[in-house]
Asks: 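I have a structure I would like to understand better, so I am pasting it below and will then ask my questions one at a time.
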Amino acid sequence: MLLLSRALPLARGALALTSLCTCLLLTGCAEQASPPSAGPVVESRAARTGPPPSRSAESAATESKSAEGKHAAGTAERRQGSPNEAARGLAGTPVEAAMVHELPGLGPATRARIPVATRQALVVSGEGRKSSRSGVVLYERDVDTGWRPVTDRWPAHNALRGWTYDHHADDLRSPIGVFTLGDAGGRLPDPGARLPYDESDAFESSGTGFLGEPLKGSFDYVVAIDYNRTPGTTPLDKSRPLGLGKGGGVWVHVDHKGPTQACVSLTKERMVELLRLLDPAKRPVIVMGDAVALRD
C-alpha cells in the first residue's frame, strides 16, 4: 500500500505531461495546415513576376527604349524640318554636311544675293579690282549635295579699268554683283540656245578695241546680263530702268582678245557651249566681281 500510494502521484504527473505534449503537437500541425487568418491566399512576389531580370536583360531593355526614343525624335525632325534644312535631301534624307558644297570663292554676303530658286550660276572672278582679266566657271546646284562645276575654268576679259560697286556709263568698269540671265541673241543663227534667242544683223560690231584689236564678230553670240535693263526683252533693248547715267548693255559676248567697256567676253567656242548649257528652268544668274569683292 505504501508503494502504491507513492506511485499514484507519479503516474498522474506522467499522464498530465503526456496530455500536454499531445496538445502542443496537435496545435502546431493545425497552424501548418490552416491558411493565415489575415485574408485570402495571395501569390508570392516571386511567383507573380518571375525571377528578377539579369543585368544583360536590363541593359537590353534600356537600349531598346533608347532606340525607340531616337526613332521617335528622328520622325519628329523629319516632320518639323531640320535646323540645317540645306543639309537634307529633297525627301528629307540626311546628307553628310561635308557633302553639301557651297560655291567656292564666295563669301556669305555674296551667297545671300543668289536667289533660292537658282540652280545655275556663272561665276566670273576677276584677277584684281583694277584688272581686266577674269576666270569663268559655270556651276549647277543639286538639291541634295549642293553646287558642282559643270565646266572647266575659262579665261575671260572684263572692263579695261576692272570692277566697281557703282557702275556708271563710260566708266570702263564692270559692275560687281549678282544678276539674272534670261535673254540671248547674236548676229549668227541660234546655235542651240535654251534661252530665248534673238538673231539680228543689229548685233554687228566694228572698229578696234583698246589694244587695237578688231571688234568684228564680238556680238556674233551674246547673253544679256540683267543690269539696268528690262528682263524678257532682246539684248538690243535700250530701256534703262535705273536711268541712262547708270550705263547698260552689259553682256557676255565673244572675246576680241582685249579688255571690254563693261562686258565679260569668252572665246567663240565657249560662248556656244554656254548658250547650250544655260537653262531658264534653272533660273541662271551671273555672279561677277574681282576675287576679293566676291569673298564678302
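Being a predicted model, the structure only gives us computed values, none of them experimental.
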Asks: Side-chain donor-acceptor pair under 3.5 Å between S265 and T260, yes or no?
Replies: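 No, no side-chain donor-acceptor pair sits under 3.5 Å.
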Asks: Linking I/L/V/M/F/W/Y whenever their side-chain heavy atoms sit closer than 4.5 Å, directly or via other members, would V264 and V254 fall into one cluster?
Replies: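 Result: yes, single cluster for both.
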Asks: In Å, rounded to the nearest 0.5 Å, how long is the span from CZ of R276 to CG of L278?
Replies: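 Those atoms lie 12.5 Å apart.
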Asks: According to ring-ring contact (aromatic ring centres under 6.0 Å, His included), who are the partners of Y139, at least two apart in sequence or on a separate chain?
Replies: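 In terms of ring-ring contact (aromatic ring centres under 6.0 Å, His included), with neighbours along the sequence ignored, Y139 is linked to no residue.
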Asks: Determine which pairs satisfy salt bridge (charged side-chain N to carboxylate O under 4.0 Å, His left out) with at least one residue from residues 205-216, sequence neighbours left out, and list them in order.
Replies: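 Of all non-adjacent pairs touching residues 205-216, those that pass salt bridge (charged side-chain N to carboxylate O under 4.0 Å, His left out) are E204-K216.
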Asks: Treating T118 as the side-chain partner and R283 as the backbone partner, does any N or O pair qualify as donor plus acceptor under 3.5 Å?
Replies: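 Indeed, once roles are kept as given, a pair shorter than 3.5 Å links the two residues.
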Asks: Any link between V150 and L195 through a network of hydrophobic side chains (Ile, Leu, Val, Met, Phe, Trp, Tyr) touching at under 4.5 Å?
Replies: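 Same cluster: V150 reaches L195 through Ile, Leu, Val, Met, Phe, Trp or Tyr contacts under 4.5 Å.
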Asks: Do the side chains of L106 and F179 join up, straight or via other hydrophobic residues, at under 4.5 Å, putting them in one cluster?
Replies: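 No.
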Asks: Once side chain to side chain contact (heavy atoms under 4.5 Å, CB included) is applied, do any residues pair with A202, and if so which ones, sequence neighbours excluded?
Replies: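 Applying side chain to side chain contact (heavy atoms under 4.5 Å, CB included) to A202 gives S200, L236.
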Asks: Using the ring-ring contact (aromatic ring centres under 6.0 Å, His included) rule, collect all pairs that involve residues 263-296, keeping only residues at least two apart or in two chains.
Replies: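 ring-ring contact (aromatic ring centres under 6.0 Å, His included) check on residues 263-296 returns no pairs.
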Asks: On a heavy-atom basis, which atom in L266 and which in M271 lie closest, and how many Å separate them?
Replies: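 Residues L266 and M271, closest heavy atoms: O-CG, 3.9 Å.
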Asks: Test your reading of the model: is there a side-chain donor-acceptor pair from D255 to the backbone of A156, 3.5 Å cut-off?
Replies: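 No, the answer is negative, given that no donor and acceptor are paired below the 3.5 Å cut-off.
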Asks: Can you pull the salt bridge (charged side-chain N to carboxylate O under 4.0 Å, His left out) pairs that have at least one residue in residues 107-121, sequence neighbours excluded?
Replies: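 Counting only pairs at least two positions apart or across chains, the salt bridge (charged side-chain N to carboxylate O under 4.0 Å, His left out) contacts touching residues 107-121 are E102-R111.
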Asks: Short question: side chain of N228, backbone of G247 - any donor-acceptor pair under 3.5 Å?
Replies: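 Yes, N228 side chain to G247 backbone: donor-acceptor pair under 3.5 Å.
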Asks: If you measure from CG on L172 to NE2 on H167, what distance do you get to the nearest 0.5 Å?
Replies: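 One gets 9.0 Å once the value is rounded to the nearest 0.5 Å.
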Asks: Give a yes or no on whether L188 and L275 share a hydrophobic cluster (residues Ile, Leu, Val, Met, Phe, Trp, Tyr; joining criterion: side-chain heavy atoms under 4.5 Å apart).
Replies: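 Per the 4.5 Å side-chain linkage, L188 and L275 are co-clustered.
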Asks: Counting N and O atoms only, with roles assigned by atom type, does the side chain of S134 sit under 3.5 Å from a partner on the main chain of H157, one being a donor and the other an acceptor?
Replies: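 The answer is no, because no donor-acceptor pair under 3.5 Å joins these two groups.
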Asks: Side chain to side chain contact (heavy atoms under 4.5 Å, CB included) with R229: which residues, sequence neighbours excluded?
Replies: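 Partners of R229 under the side chain to side chain contact (heavy atoms under 4.5 Å, CB included) test: D183, A224, D226, T233.
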Asks: Hey, could you give me each pair passing salt bridge (charged side-chain N to carboxylate O under 4.0 Å, His left out) that has a residue in residues 154-177? Not counting sequence neighbours.
Replies: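 Every pair satisfying salt bridge (charged side-chain N to carboxylate O under 4.0 Å, His left out) with a residue in residues 154-177: D166-K246.
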Asks: Say you draw a straight line from CG of L274 to CD1 of I286; how long is it, rounded to the nearest 0.5 Å?
Replies: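 Reported value, rounded in 0.5 Å steps: 8.5 Å.
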Asks: Could you measure the distance from the CG atom of D152 to the CG atom of L138? Nearest 0.5 Å is fine.
Replies: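 One finds 11.5 Å between CG of D152 and CG of L138.
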Asks: OG1 of T151 to CG of L122: how many Å apart, nearest 0.5 Å?
Replies: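 Atom-to-atom, T151:OG1 and L122:CG are 7.5 Å apart.
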Asks: Around atom CG of L242, are there more than 12 heavy atoms from other residues, nucleotides or ligands closer than 6.0 Å?
Replies: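 Counting other residues, nucleotides and ligands, CG of L242 exceeds 12 neighbours.
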Asks: Just how far is it from atom CG of D290 to atom CG of N158, taken to the nearest 0.5 Å?
Replies: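 One finds 9.0 Å between CG of D290 and CG of N158.
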Asks: Decide yes or no for P241 and T230: does some side-chain heavy atom of the first lie under 4.5 Å from some side-chain heavy atom of the second?
Replies: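 Yes. Closest side-chain heavy atoms under 4.5 Å.
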Asks: Identify the heavy atoms of Q120 and D279 that sit nearest to each other, and give their distance.
Replies: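 It is OE1-N, 2.8 Å.
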Asks: Can you check side chain to side chain contact (heavy atoms under 4.5 Å, CB included) on L211 and H256, steps first, answer last?
Replies: CA-CA 10 Å; L211 303 180; H256 45 78; over 6 Å; no
Asks: Under the side chain to side chain contact (heavy atoms under 4.5 Å, CB included) rule, what do V252 and V124 come out as? Steps first, then yes or no, please.
Replies: CA-CA 10 Å; V252 183; V124 182; over 6 Å; no
Asks: Is there a path of hydrophobic side-chain contacts, each under 4.5 Å between heavy atoms, that joins W163 and V285?
Replies: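 Different clusters.
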Asks: Taking G177's backbone N and O only, do any of them form a donor-acceptor pair with Y227's side chain (distance below 3.5 Å, no angle check)?
Replies: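 Between the backbone of G177 and the side chain of Y227 there is no qualifying donor-acceptor contact (under 3.5 Å).
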Asks: Could you work out, with ring-ring contact (aromatic ring centres under 6.0 Å, His included) as the rule, every residue matching Y221, not counting sequence neighbours?
Replies: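 Counting only residues at least two positions away or on another chain, Y221 forms no ring-ring contact (aromatic ring centres under 6.0 Å, His included).
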Asks: How close do A262 and P175 get, heavy atom to heavy atom, and via which atoms?
Replies: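 Closest pair (atom of A262, atom of P175, distance): O-CD, 4.0 Å.
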Asks: Between T267 and W154, does a side chain to side chain contact (heavy atoms under 4.5 Å, CB included) hold up when you go through it step by step?
Replies: CA-CA 9 Å; T267 66; W154 299 335; over 6 Å; no
Asks: Tell me, which pairs form a salt bridge (charged side-chain N to carboxylate O under 4.0 Å, His left out) where one or both residues lie in residues 264-275, sequence neighbours left out?
Replies: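 Every pair satisfying salt bridge (charged side-chain N to carboxylate O under 4.0 Å, His left out) with a residue in residues 264-275: D220-K268, R270-E273.
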Asks: Would you please name every residue forming a ring-ring contact (aromatic ring centres under 6.0 Å, His included) with W251, sequence neighbours left out?
Replies: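 F203, F219.
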Asks: What do you reckon, is CD of Q261 surrounded by more than 12 foreign heavy atoms closer than 6.0 Å?
Replies: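 Not more than 12 within 6.0 Å, no.
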Asks: Listed by chain and number, what are the side chain to side chain donor-acceptor pair (under 3.5 Å) partners of S125, not counting sequence neighbours?
Replies: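 Scan of S125 (side chain to side chain donor-acceptor pair (under 3.5 Å), adjacent residues dropped) gives none.
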Asks: Please report the C-alpha distance between L181 and I225 in whole Å, then the side-chain angles of each, then the deciding distance to 0.1 Å, and finally whether the side chain to side chain contact (heavy atoms under 4.5 Å, CB included) criterion is met.
Replies: CA-CA 6 Å; L181 300 173; I225 297 172; 4.0 Å; yes
Asks: Locate the shortest heavy-atom distance separating G105 from R295; write the atom from each residue and the value.
Replies: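 Smallest interatomic distance, heavy atoms only, reads O-CG, 3.4 Å.
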Asks: List the atom of L294, the atom of T110, and the distance in Å for their closest heavy-atom pair.
Replies: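 What the structure gives for the nearest pair is O-OG1, 3.0 Å.
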Asks: Please check if the number of heavy atoms outside R133 that lie under 6.0 Å from its CZ is greater than 12.
Replies: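 No - once you tally the heavy atoms of other residues, nucleotides and ligands closer than 6.0 Å, there are 12 at most.
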Asks: Quick check: closest heavy atoms across A159 and S174, and the distance to 0.1 Å?
Replies: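 Smallest interatomic distance, heavy atoms only, reads N-OG, 3.0 Å.
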Asks: Of all residues at least two apart in sequence or in a different chain, which pass the salt bridge (Lys or Arg N to Asp or Glu O under 4.0 Å) check with K282?
Replies: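 By the salt bridge (Lys or Arg N to Asp or Glu O under 4.0 Å) rule, K282 matches E140.
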